[in-house]
Amino acid sequence: MSEPTTFQAPIGTHDVLGPASAEWEGVVATFAQLAYRFGFELAVTPMFEELGVFHRGIGEHSDVARKEMYVFEDRGQRQYALRPEGTAPIVRAFVQHGPATPWKAWYVTPAFRYERPQAGRYRQHHQLGVEVLGTDDPALDVEVIALALRFYQALGLVRVRLIINSMGHDECRAAYVERLRRHLLANVAGLCVDHQDVWHENPLRVLDCKKPECVAVTSAGPMLIDFICEECREHFDRVVRGLDSIGIESELNPRLVRGFDYYTRTTFEYVADSLVGSQNSIGGGGRYDKLAEQLGGRPTSGVGFGSGIERVLLARAAEEVEPRNLVNRTLDLFVIDTTGEDVATVLVDELRSAGFATDRAYDRRSMKAQMKAADRSGARFALLVGPQEWAAGEVTIRDLRSDDYEQAQRRIARDDVALSLANLLND
RNA sequence: GUGGGCGUAGCUCAGUUGGUUAGAGCGCCAGGUUGUGGUCCUGGAGGCCGCGGGUUCGACCCCCGUCGCUCACCCCA
């Protein structure tokens, strides 16, 4: 391949620029606000970790670890991986620093997976999520699941469904996997071509297969939810009852098996019915009571979820949610300077310091060009400063939403700008 | 990793059986308007027709390769 003359973003990545970035910013701000309200603090951890964090976290044999991770060696011959998901790094940080429990942390982060891109699937996507470490109280499963739903609701999503399952703890799960293995062995011939050979590596994956052949085989077989121990059952029931008590409907799906090995007990997924099947999972998570130990820490329960920003935006588009601004990014004022002395530099600095969102034109362009720029900026008011006004210590303030030349503008003393503007904006 | 569709201006796209200076709309810049935007009119800038090779007197057009985008399978957010 010859060196290209221009560059573009790497395969499967995308640039987020305005005006789409405003919606992005709104989604993140909405989540941050909600996380704060739920008692979570922000946690920022590195974009890459030692490879072992993910091998021991999400499981060496998971699809993501096997064929989707960006693994690299640094100049010191250390093996690292770009984070393919958000949970393992947070738990690594928890183990390393030992914050007081329950530790409730939220994050926003890119996630990297080497996949063939398609709608709603990227090599770099972005996730918002929360994790709680230090207690196995089912009330926290409920809280985490509720936070996710409140988030979707705040974004205006309606066609969102919660599906839930229990993976049991490691012992009931191991016993179940044995049963499932025996069942699959007895029915290998009936499995779909993709699972004929690989079913024994991770029998649980077959449950997730949508091919009719596999569905036929597994639906005749044992379901994990029927084999979990008494404590796991009790935990699960308390989660479902808790959700019910705050009006959150959950739908048991005994086939729900998520792709990371660290899950125990509660697992859940939010499905957007406005999206097509292959990309309709907009968020998911669950409990991981063994993960801290696997990463070398003391036994510590945990529960959390992650949601994909791109998926959430796809769902908003699919539901045709009004693109109302989640954050206000309207300029208050646009300064138009025709004095030839660059007084705009002084004025914008003054007004910005006074708290007004202010912009201006550059390059000493014509009045007409500056007015066009003001119009395009979406600013509420224009501040016109010409040589005569400036000499008289005055400026003209003009309402850009009005088309009435006489009514829309008036001259005021330069020193009164901040006060007048504040009054006008309050009207 | 497998398969389908598509690469022409900043954006959305035309481009005749292969024919010489490659077009439109939107956007951008300037003027019409001697300080006044959003409408209108006029003019202008902006293209290695993704890249490389081949066929041909001649290629945006046909063939091969390649890179990229996109959609789907798989898996996930």
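Both backbone and side-chain heavy atoms feed into the values below; hydrogens, waters and symmetry mates do not. Residue numbers begin at 1 in each chain, while the letters A, B, ... track the order of the sequences. All of these numbers come straight from a predicted model, not from anything done at the bench.
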Engineer: List the atom of A/T330, the atom of A/A357, and the distance in Å for their closest heavy-atom pair.
Structural biologist: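 Heavy atoms only, the tightest pair is O-CB, 4.1 Å.
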Engineer: Take atom OH of A/Y114 as the centre, draw a 6.0 Å sphere, and report whether it contains more than 12 heavy atoms from other residues, nucleotides or ligands.
Structural biologist: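 No, the 6.0 Å shell around OH holds no more than 12 heavy atoms from other groups.
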Engineer: Once you apply a heavy-atom cut-off of 4.0 Å, does A/Q8 come out as touching a base, just sugar-phosphate, or nothing?
Structural biologist: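 Touches sugar-phosphate only.
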Engineer: What distance, rounded to whole Å, do you find between the two C1' atoms, one in B/A14 and one in B/G3?
Structural biologist: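 My reading of the C1' atoms in B/A14 and B/G3 gives 30 Å.
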Engineer: For A/Q409 and B/G35, what is the distance between atoms CD and C1' respectively, to the nearest whole Å?
Structural biologist: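 So the two atoms are 10 Å apart, to the nearest Å.
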Engineer: Does any donor-acceptor pair link the side chain of A/D375 with the base of B/G38 at a separation under 3.5 Å?
Structural biologist: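 In this structure, the two groups form no donor-acceptor pair.
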Engineer: Can you identify which nucleotide, out of B/A77, B/U36, B/C75, has its nearest atom closest to the A/M367 side chain?
Structural biologist: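 In terms of side-chain proximity for A/M367, the closest of B/A77, B/U36, B/C75 is B/U36.
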Engineer: Give A/S402 one of three labels, base, sugar-phosphate or nothing, depending on what nucleic acid heavy atoms sit under 4.0 Å from its own.
Structural biologist: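 Since a base atom lies under 4.0 Å of A/S402, the category is base.
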Engineer: Could you tell me whether A/D399 and A/R380 have a side-chain N and a carboxylate O separated by less than 4.0 Å?
Structural biologist: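 Salt bridge: yes.
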Engineer: Is there a donor N/O on one and an acceptor N/O on the other, under 3.5 Å, for the side chain of A/E115 and the base of B/A77?
Structural biologist: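 Check passes, donor-acceptor contact within cut-off.
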Engineer: Could you measure between the two P atoms, the one in B/C61 and the one in B/A9, and give it in whole Å?
Structural biologist: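 Between the two P atoms, the distance is 15 Å.
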Engineer: Given that A/R123 and A/E389 both sit by RNA chain B, which one's nearest nucleotide is further toward the 5' end?
Structural biologist: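 First, find each residue's nearest nucleotide; the 5'-ward one identifies A/E389.
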Engineer: Any chance CD of A/E249 has more than 12 other-residue heavy atoms, nucleotides or ligands included, within less than 6.0 Å?
Structural biologist: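 No, because the 6.0 Å sphere around CD of A/E249 holds 12 heavy atoms or fewer from other groups.
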Engineer: Would you kindly give the NZ-to-P distance between A/K372 and B/G37, to the nearest whole Å?
Structural biologist: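 The distance from NZ of A/K372 to P of B/G37 comes to 9 Å, rounded to the nearest Å.
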Engineer: Which part of the nucleic acid does A/A374 contact within heavy-atom distance under 4.0 Å: base, sugar-phosphate only, or nothing?
Structural biologist: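 Here A/A374 touches no strand at all.
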Engineer: When all nucleic acid strands are considered with a 4.0 Å heavy-atom cut-off, which category describes A/S307: base, sugar-phosphate, or nothing?
Structural biologist: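 Here A/S307 touches no strand at all.
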Engineer: Would you mind classifying the nucleic acid contact of A/V271 as base, sugar-phosphate or nothing, using non-hydrogen atoms under 4.0 angstrom?
Structural biologist: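 Nothing, no nucleic acid heavy atom in range.
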Engineer: Applying the Watson-Crick and G-U wobble criteria at under 3.5 Å, what pairs with B/G52? Answer none if nothing qualifies.
Structural biologist: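 Paired with B/G52, as far as the under-3.5 Å criterion goes, is B/C64.
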Engineer: With a 4.0 Å limit, can you tell me whether A/R401 has a side-chain N or O closer than that to the phosphate oxygens OP1/OP2 of B/G38?
Structural biologist: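 No, A/R401 has no side-chain N/O under 4.0 Å of OP1/OP2 on B/G38.
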Engineer: Give a yes/no on whether any side-chain N or O of A/Q118 is located under 4.0 angstrom from OP1 or OP2 of B/C71.
Structural biologist: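 So the side chain of A/Q118 is outside the cut-off, no N or O lying under 4.0 Å from OP1 or OP2 of B/C71.
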Engineer: Rounded to whole angstrom, note down the C1' distance from B/G7 over to B/C11.
Structural biologist: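 Straight-line distance between the two C1' atoms is 15 Å.
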Engineer: Of the nucleotides B/A72, B/G68, B/C75, which has the atom closest to the A/E68 side chain?
Structural biologist: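 Closest of the options to the side chain of A/E68: B/C75.
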Engineer: Expressed as a whole number of Å, how far does the C1' atom of B/U12 sit from that of B/A30?
Structural biologist: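 To the nearest whole Å, 25 Å.
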Engineer: Between atom CZ in A/F112 and atom P in B/A77, what is the gap in whole Å?
Structural biologist: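 Taking atom P of B/A77 as the reference, CZ of A/F112 is at 16 Å.
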Engineer: For the pair A/D170 and A/R173, find out whether any cationic side-chain nitrogen is under 4.0 Å from an anionic carboxylate oxygen.
Structural biologist: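 A salt bridge is absent here (no side-chain N lies under 4.0 Å from a carboxylate O).
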Engineer: Grab the CE-P distance between A/M69 and B/A77 for me, whole Å please.
Structural biologist: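 In whole Å, B/A77 P lies 14 Å from A/M69 CE.
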Engineer: Take atom C1' in B/U17 and the same atom in B/A72, then report the distance between them in whole Å.
Structural biologist: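 Going atom to atom, C1' in each nucleotide, I get 36 Å.
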Engineer: With the side chain of A/R311 defined as its heavy atoms from C-beta on, choose the nearest nucleotide among B/A77, B/A30, B/C75.
Structural biologist: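 Output: B/A77.
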Engineer: Report yes if a donor N or O on one partner sits less than 3.5 Å from an acceptor N or O on the other, where the partners are the side chain of A/R376 and the base of B/G38; otherwise report no.
Structural biologist: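 Side chain to base: no pair below 3.5 Å.
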Engineer: Determine the contact category for A/L400: base if any of its heavy atoms lies under 4.0 Å from a base atom, sugar-phosphate if only primed atoms, P, OP1 or OP2 are that close, otherwise nothing.
Structural biologist: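 It contacts base atoms.
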Engineer: Determine the Euclidean distance between corresponding P atoms of B/C51 and B/C67; express it in Å to zero decimal places.
Structural biologist: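 It works out to 16 Å between them.
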Engineer: Can you check the A/R258 CZ to B/C74 P distance for me, whole Å?
Structural biologist: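 Going from CZ in A/R258 over to P in B/C74 covers 17 Å.
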Engineer: Does B/A22 have a Watson-Crick or wobble mate here (both distances under 3.5 Å), and if so which one?
Structural biologist: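 For B/A22, the partner nucleotide comes out as none, under the 3.5 Å rule.
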Engineer: From CD of A/Q279 over to C1' of B/U70, roughly how many Å is that when rounded to an integer?
Structural biologist: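 Result: 12 Å.
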Engineer: Do A/F48 and A/F72 have their ring centres less than 6.0 Å from each other?
Structural biologist: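 Ring centres of A/F72 and A/F48 closer than 6.0 Å.
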Engineer: Considering only the C1' atoms, how many Å lie between B/U20 and B/C57, rounded to the nearest integer?
Structural biologist: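 It works out to 12 Å between them.
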Engineer: Using Watson-Crick or G-U wobble geometry with both distances under 3.5 Å, which nucleotide pairs with B/C69?
Structural biologist: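 Pairing partner, where one exists within any strand: B/G5.
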Engineer: Please measure how far the P atom in B/A22 lies from the corresponding atom in B/A59, and state the result in whole Å.
Structural biologist: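 B/A22 and B/A59 have their P atoms separated by 14 Å.
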Engineer: When the nearest nucleotide of RNA chain B is assigned to A/M371 and to A/Y114 on a heavy-atom basis, which residue is associated with the more 5' position?
Structural biologist: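 Upstream on the strand: A/Y114.
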Engineer: So what's B/U42 paired with, Watson-Crick or G-U wobble, going by both distances under 3.5 Å?
Structural biologist: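 The base-pairing partner of B/U42, which may sit in any strand shown, is B/A30.
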Engineer: Between B/G35 and A/Q370, is there an OP1 or OP2 to side-chain N/O distance shorter than 4.0 Å?
Structural biologist: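 For B/G35, neither OP1 nor OP2 has a side-chain N or O of A/Q370 closer than 4.0 Å.
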Engineer: Identify whether the distance between the nearest side-chain nitrogen and carboxylate oxygen of A/R92 and A/E50 falls below 4.0 Å.
Structural biologist: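 So A/R92 does not pair with A/E50 through a salt bridge.
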Engineer: Does a side-chain N or O from A/R365 land closer than 4.0 Å to OP1 or OP2 of B/G31, or not?
Structural biologist: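 False: A/R365 side-chain N/O out of range (4.0 Å or more) of B/G31 OP1/OP2.
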Engineer: Between A/D342 and A/R360, does any NZ, NE, NH1 or NH2 come within less than 4.0 Å of an OD or OE carboxylate oxygen?
Structural biologist: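 Between A/D342 and A/R360 there is a salt bridge, with a charged N closer than 4.0 Å to a carboxylate O.
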Engineer: Between atom CG in A/L384 and atom C1' in B/U36, what is the gap in whole Å?
Structural biologist: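 Checked: the CG to C1' distance equals 7 Å.
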Engineer: Picking from B/C75, B/G35, B/C69, which would you name as closest to the side chain of A/R205?
Structural biologist: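 Among the listed nucleotides, the one closest to the side chain of A/R205 is B/C75.
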Engineer: Whole-Å distance between B/G35 P and A/I397 CD1?
Structural biologist: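 For the pair A/I397 CD1 and B/G35 P, the rounded distance is 21 Å.
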Engineer: In plain terms, say whether A/D289 and A/R287 are close enough for a salt bridge, that is, a side-chain N and a carboxylate O under 4.0 Å apart.
Structural biologist: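 Counted as a salt bridge, because a side-chain N and a carboxylate O are separated by less than 4.0 Å.
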Engineer: What's A/G386 touching, base or sugar-phosphate or nothing? Going by heavy atoms closer than 4.0 Å.
Structural biologist: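 Base contact - A/G386 has a heavy atom under 4.0 Å of at least one base atom.
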Engineer: Select base, sugar-phosphate, or nothing to describe what A/I309 touches, counting heavy atoms under 4.0 Å on all strands.
Structural biologist: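 Touches nothing.
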